[in-house]
2 protein chains.
Amino acid sequence: MKNIRIKDIAQMAKVSMGTVDRVIHKRGKVSEAAYGKVMKVLDQIDYKPNLIAKTLSSSKTYQIATLMPDVRHDPFWQEPVEGLAKAEREFGQFGVQVHTFFFNPMEDDSFEKMAREVLQSEPDGVLLAPILRDEALAFAAQCQANNIPVVCFNTFIEALQPVSFIGQDLHQSGRLAAELITSRGSCGTIIILHIAEKAQNSVHLYEKEQGFREFIKEMNTTAMQVVTYEIESPLHPDFGEMVDGMFQQFPDTQAVFVTTSRAYNIAGYLEKAGRTNITLVGYDLIEANIPFIERKYINAIIHQNVQQQSFLGISYLTDLLVFKKEIPYRRNLPLHIIMRENLNSYLQDH
Amino acid sequence: MKNIRIKDIAQMAKVSMGTVDRVIHKRGKVSEAAYGKVMKVLDQIDYKPNLIAKTLSSSKTYQIATLMPDVRHDPFWQEPVEGLAKAEREFGQFGVQVHTFFFNPMEDDSFEKMAREVLQSEPDGVLLAPILRDEALAFAAQCQANNIPVVCFNTFIEALQPVSFIGQDLHQSGRLAAELITSRGSCGTIIILHIAEKAQNSVHLYEKEQGFREFIKEMNTTAMQVVTYEIESPLHPDFGEMVDGMFQQFPDTQAVFVTTSRAYNIAGYLEKAGRTNITLVGYDLIEANIPFIERKYINAIIHQNVQQQSFLGISYLTDLLVFKKEIPYRRNLPLHIIMRENLNSYLQDH
DNA sequence: TTGTAGGCGTTATCAG
DNA sequence: CTGATAACGCCTACAA
């Protein structure tokens, strides 16, 4: 009826608790005879260690370092910060402590500097948002050299070989954007718009574009024409004019698919210009997008739930470090569709 | 630096651990003098009990009884069962055990019979799906008389006065359905279709309908005509003919909004009839709906995430019983939109 | 190589 | 009413 304890196993195998412990945890220093006796019992019964007792007893703390971009440079990174706080509240009970290190993706050496700090803090595990490919690869290699497990979120880099990756299927999200736009009966020109400071995320954006184009191609129609447009700096003073230029170049534009979280930039332009006839689909439920969803200048948002991503990252590292559980190598989160009428239901929930 | 323990408080207040324990847990039998000394210390410091140690020590188990409809009578109830299993896996660590009692909503006295069994099992808490209003009210009253906290999910009944309710905003989901349908540019007749065995869920369905109609009304257009249609028994042999009759009565039907999880019934009809020009929106990501979403006979599903509902129900009861935490009175979960291109992302995830 | 004692923070019990 | 003490199951350290 009750759970089997180490003590029970010891009695059954006619050895001491210490020996059983050594066998279970492979600490060596056990004679063949004793090992056999214990394993025989272990094979017959299903021993499930009491995690409560384990954490209470060891009273060990685990330091997890998170390395990610600074919120100040992109509001996109606000959500993961909240996910981390939530995770610390939940797993603090098990001795898990989260320390966050922010880098500025715009600034040279910022990543390297913070990466150095992370390593100096000698963490038991690392959660990483590897948006700078080369730098992240070098950092991950150093972690591996120091036997520190690395979990990645948001950006998937095969070569980085993390213990686990948590993110979303970008290609599929591009397809979803196409479904959302075409189901509104668009015809004419559809613009795929990349708004990003640097080409750092280019792989991200390219995958989304590929998914989008694949879907349109499968529709096998000539009613729509898909073009790609890039605007590098949304912080640029001439941003409005650049958008102007875009719409002048494609006067029959019916829909715009913004591949980053910056749909609000376009929505703001459309509102000022009084253009309500353009379908706009973008990414991520961030503050700046909300009022435009409410006013229908953004018709749909694909929400990647980055908060959940970082939370799961810590959760996986906890499983790994504290509970010695197996964790999945890759986990893709659901692609949430947010429109005006289900916006509030997402905001209220957390 | 380290957490303050009962032992520390005892030293500071110059009393024994036992006395501190009695004060904190209000077990009485403490002199005014001792009480004052302990409270003085308690006011100054922020004592956070160690839940790990608490659960280990008390080694108490909590029995939670769940009373809900049987899966065999409606596949809708499959998901909550999985949510319960998940919850038991997660909270079993804290001594929580879940026992599920199924009733047959079609059968007289089935609810009463199972309710009696629940009470006989003397649970520490009850999770209830109160789809039968009067019976649920009577049962909840009995629980209250026995000091058993009741948490409800899926159906909200104000008068039942549960400790907490977990569900969704039905009215808003109706509005969302209207947004999904109208954004596809429908005109002509839109049918709101209630497919349900009994009028038991009528309040549910009515709220959805109201939300839907409200949204359409706000559009202030004459291009669309909304009608309500009811089909009582999807298991009826003449079901196909009844649907036939419906479409004959409204030959210019452009869209159908099924207010239950039975959109697959209509989708199956449409596929057989070869009608691909009708927009179909329904509820719940259940097995039967999946193939029709893939083949686009169902254009969108509003997913209520019932699995999450039951999981949260147990989670709240755990907070209440084990951790003595405050729990919210009402929690509405997000309204998920599922279309063909994000279907898989929801299926893979769990 | 093996067994045992002490402790993690809390709760429950039982003498004083 | 109060204080000491033995569990809860596991881990670490130390002694045999």
Side-chain angles (χ1 to χ4, degrees), chain A residues 1-39 41-42 45-62 92-96 321-325, chain B residues 1-39 41-42 45-62 92-97 124 321-325:
Chain A
M1 197 92 296
K2 297 188 75 178
N3 265 337
I4 296 153
R5 304 159 302 166
I6 286 187
K7 199 175 181 178
D8 301 320
I9 299 174
Q11 279 172 357
M12 292 192 243
K14 290 184 185 121
V15 293
S16 77
M17 288 170 55
T19 306
V20 175
D21 177 81
R22 280 182 279 266
V23 170
I24 290 174
H25 296 92
K26 299 174 182 126
R27 300 196 222 277
K29 324 261 178 181
V30 178
S31 69
E32 288 248 346
Y35 181 84
K37 282 197 280 186
V38 175
M39 282 312 281
V41 177
L42 243 35
I45 58 106
D46 175 38
Y47 173 64
K48 282 182 63 185
N50 183 327
L51 298 177
I52 299 290
K54 179 181 214 156
T55 49
L56 176 63
S57 169
S58 66
S59 75
K60 202 188 212 167
T61 64
Y62 296 87
Q93 288 292 337
F94 302 112
V96 173
L321 297 169
V322 183
F323 304 130
K324 323 283 185 216
K325 277 207 275 187
Chain B
M1 196 92 298
K2 297 188 78 180
N3 266 337
I4 297 154
R5 303 160 302 167
I6 287 186
K7 201 175 184 179
D8 302 320
I9 299 174
Q11 278 172 358
M12 291 192 247
K14 291 186 185 119
V15 292
S16 77
M17 288 169 55
T19 306
V20 175
D21 179 79
R22 281 183 279 266
V23 171
I24 290 174
H25 296 92
K26 299 173 182 132
R27 301 196 219 277
K29 323 258 179 180
V30 180
S31 68
E32 288 247 348
Y35 182 84
K37 283 197 279 187
V38 174
M39 283 311 281
V41 178
L42 243 35
I45 56 107
D46 174 39
Y47 172 64
K48 282 182 65 185
N50 183 325
L51 299 177
I52 299 291
K54 177 181 209 154
T55 48
L56 176 61
S57 169
S58 67
S59 76
K60 200 186 208 169
T61 63
Y62 296 87
Q93 287 293 336
F94 302 113
V96 173
Q97 289 174 338
D124 299 293
L321 297 170
V322 182
F323 303 130
K324 323 284 185 215
K325 276 207 274 186

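What's counted below: heavy atoms across the whole structure, side chains too, no hydrogens, waters or symmetry copies. Predicted, not measured: the structure shown is a model, and the values here were computed from it.
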Interatomic distance, OG1@A:T61 vs CZ@A:F94, rounded to 0.5 Å, equals 15.0 Å

Closest of C:dT2, C:dT10, D:dG3 to the A:T19 side chain is C:dT2

When rounded to whole Å, the CG to P distance for the pair A:N50 and D:dC8 reads 12 Å

Going by modelled atom types, is there a donor-acceptor pair between the base of C:dT10 and the side chain of B:S57 at under 3.5 Å?
yes

Atom NZ of B:K14 and atom C1' of D:dG3 are separated, to the nearest Å, by 17 Å

Separation of D:dT12 atom P from A:I24 atom CD1, nearest Å, is 13 Å

Quick one: is C:dG9 close enough that its OP1 or OP2 comes under 4.0 Å of any side-chain N or O from B:K7? no

Test side chain to side chain contact (heavy atoms under 4.5 Å, CB included), reference B:I4, set B:V41, B:N50, B:I45, output is B:I45

B:N3 atom CG is separated from C:dC8 atom C1', nearest whole Å, by 13 Å

- prompt: Which is true for A:I6 with a 4.0 Å heavy-atom rule: it touches a base, it touches only sugar-phosphate, or it touches nothing?
  reply: sugar-phosphate

Using side-chain contact (heavy atoms from CB on, under 4.5 Å), reason through B:R22 and B:V38 one step at a time and then give a plain yes or no. CA-CA 10 Å; B:R22 281 183 279 266; B:V38 174; over 6 Å; no

Out of D:dA4, D:dC10, C:dG3, minimum distance to the side chain of B:S16 belongs to D:dA4

Rounded to whole Å, CE of B:M17 lies from C1' of D:dA7 at a distance of 12 Å

From the list B:D8, B:N3, B:I9, side chain to side chain contact (heavy atoms under 4.5 Å, CB included) with B:R5 holds only for B:D8

Among the nucleotides C:dT11, D:dT2, D:dC11, whichever has the atom closest to the side chain of A:S58 is D:dC11

* Asked: If only side-chain N and O atoms of B:T55 are considered, is one of them under 4.0 Å from the OP1 or OP2 phosphate oxygen of C:dT10?
  -> no

When rounded to whole Å, the CG to P distance for the pair A:L51 and C:dC8 reads 21 Å

| task | Give one of base, sugar-phosphate or nothing for A:D21, where a contact means two heavy atoms less than 4.0 Å apart. | result | base

Ranking C:dT10, D:dC10, C:dT2 by distance to the side chain of A:V30, first place goes to C:dT2

- Query: Taking B:S57 for the side chain and B:A53 for the main chain, is one N or O donor matched with an acceptor at less than 3.5 Å?
  - Reply: no

Picking from C:dT10, C:dG9, D:dC11, the nucleotide nearest the side-chain atoms of A:L56 would be C:dG9

Crowded around A:Y35 OH? As in, over 12 foreign heavy atoms under 6.0 Å?
no

Among C:dT11, D:dT2, C:dT2, the one nearest any side-chain atom of B:R27 is C:dT11

Angle separating the five-pair end axes of the helix from C:dT1-D:dA16 to C:dG16-D:dC1, nearest 10°, is 60°

With a 4.0 Å cut-off on heavy atoms, is B:Y47 in touch with a base, just the backbone sugar-phosphate, or nothing at all?
sugar-phosphate

Separation of D:dC1 atom C1' from B:K37 atom NZ, nearest Å, is 13 Å

Between B:A53 and A:R22, whichever has its closest DNA chain C nucleotide further toward 5' is A:R22

Here the gap from B:I24 atom CD1 to B:T19 atom OG1, rounded to the nearest 0.5 Å, amounts to 11.0 Å

Here the distance between atom C1' of D:dC8 and atom CZ of B:F94, to the nearest Å, is 15 Å

Using a 4.0 Å heavy-atom cut-off, does A:K54 contact any base of the nucleic acid, only the sugar-phosphate backbone, or nothing at all?
sugar-phosphate

For A:K7 and A:M17, the nearest pair of non-hydrogen atoms, with its separation, is CA-CG, 3.9 Å

